[in-house]
Amino acid sequence: MCGIVGIVGTSHVNQALYDALTVLQHRGQDAAGIVTFQDDRFFLRKDNGLVRDVFRTRHMRRLEGNVGIGHVRYPTAGTSSSAEAQPFYVNSPYGITLAHNGNLTNTRDLAHDLFRSDLRHINTNSDSEVLLNVFAHELQKMGKLEPSKDEIFAAVRAVHKRARGAYAVIAMITGYGIVGFRDPNGIRPACYGVRETDKGREYMIASESVALASQGFELVRDIAPGEAVYIETGGKLYTEQCAEAPSLNPCIFEHVYFARPDSIIDNISVYKARLRMGEKLAARILREMPDHDIDVVIPIPDTSRTAALPLAYDLGVKFREGFIKNRYIGRTFIMPGQTLRKKSVRQKLNPIELEFRGKNVLLVDDSIVRGTTCQEIVQMARDAGAAKVYFASAAPPVRFPNVYGIDMPAADELIAHGRTELEIQQLIGADWLVYQELQDLIDCAREGNPEITQFDCSVFDGHYITGDVTPEYLHQLQASRGDVSKAQNSRDHLADNGVLDMHNDE
């Protein structure tokens, strides 16, 4: 999962891009990058780390220009090399940089075609670099000295025909403007907004509406599946549908976990969707345990808090903050290695013993992926004196890997894969475990936008909407995402830490 942003402004955009990336930091903590252009030259800074650490004053001063794009990244294959930090750049044609959120499912075939047919070299293992070169090649085939909107939209149409998987993209064409587009299934989110200034109209494209709101941009709408938005440097905006058969199938896990609650995605309030998740979950608990003995509902910070509030209200029990979170620890389910994840949970959360001692507590989390976190938290609750520890997940069991840009691990690392709910309950050490039902989760999101007929729920039901995910593909994915692979990648990165990135402005 990554965060992307692009701005066409009337004055320098470096600070606005920086501020927008800090708002999108939850979408990626591995690396960050910004590229701008002025006078037909681009200025790039990217490196591993949080936004606040990657960009110093000396870097910000060099990011000149009224047009730019930015990216925050976490790796979907466990690598942490600065060579794969985005945006990526190619010099031909025109000089194009690109930031991408998602994951292509035919990366290998595309990379082979790029070398054999398009005569283009790929320098990293990133599917984002592959996507950039596909777009650049299709634009170069137009053979125009200066690209118009028609050539740009034609290039996007060709990308849709060649690329499969999930992608929300912002590309900057040096000297001309930025283009944003979304895959024909609309799996990953993207929207755009406008801001009026004394100097004229400015536009922003971003992964989530909260990035726009934070910079004073008014949300216009989401980019439709398959649609492209092109904004010239002078501030003129064009849109065009570039896919033959677009269909909105957004990732429902955005509403469960990834998106900020104050975002609006595909006309759905993430906050209200999560409130409804709590209500639905409470209804299931009352059906299955009508004479429950729950004393207190305690959320596991932070994402589950929104669902836990209405859940406690509907159950008629107290809502309490039982864990204090250390906000300087990263997201544990994307950390490489089981030992590191288990250690990190204890560093990340500290219980308030008064809220646990002698009570029957219902712990609420947004989801259960590997089970490492909830297993440790259940034990922490017992150590703090809880009489009974119940556990509720606002999402259904996560039984299948994600192939569209979320680093959910190999199937055999998912605690729910091949196990019953009772077996999971015993593994995490809870006295009772309850999951959200899938149809209830879908209803929670769809209530915000009834026009959506289908969500990508592949991590729950194993149905991959692009139709090209085979057992062989999942086996290859498992090889690249497993803990052993991640540990090796981490060691390789440390061994190679003397290698400099040719595009990195130190």
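The analysis underlying the following values was restricted to heavy atoms, covering all of them including side chains, and did not include hydrogens, waters or symmetry mates.
- A donor and an acceptor atom, one from each side chain of Q436 and S393, are nowhere located under 3.5 Å apart.
- For the pair S117 (side chain) and L114 (backbone), a donor-acceptor distance under 3.5 Å is absent.
- Between Y203 and Y192, the angle of the ring planes lies from 30° to 60°, which puts this pair in the tilted group.
- For the residue pair Y167/H160, the side-chain donor-acceptor check at 3.5 Å is satisfied.
- At a cut-off of 3.5 Å, with distance as the only test, a side-chain donor of T124 or E129 sits close to an acceptor on the other residue.
- The NE2 atom of H71 lies 3.5 Å from the CD atom of Q86; values are rounded to the nearest 0.5 Å.
- Between Y94 and Y176, the ring centre distance stays below 6.0 Å.
- No salt bridge links R120 with D118; every basic N to acidic carboxylate O contact stays at or beyond 4.0 Å.
- Of the charged side-chain nitrogens involved, none lies within less than 4.0 Å of a carboxylate oxygen, so that K280 and E437 do not count as a salt-bridged pair.
- Heavy atoms from other residues, nucleotides or ligands lying under 6.0 Å from CZ of R287 number more than 12.
- Between D266 and R182 there is a salt bridge, since a side-chain N of the basic residue sits under 4.0 Å from a carboxylate O of the acidic one.
- One side chain, T105 or D468, offers a donor N or O that lies under 3.5 Å from an acceptor on the other.
- Between E138 and R157 no salt bridge is recorded (no basic side-chain N to carboxylate O distance below 4.0 Å).
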Report task. Show the numbers, then the answer: is there a side chain to side chain contact (heavy atoms under 4.5 Å, CB included) between I231 and V229? Result -> CA-CA 7 Å; I231 309 164; V229 176; 4.2 Å; yes
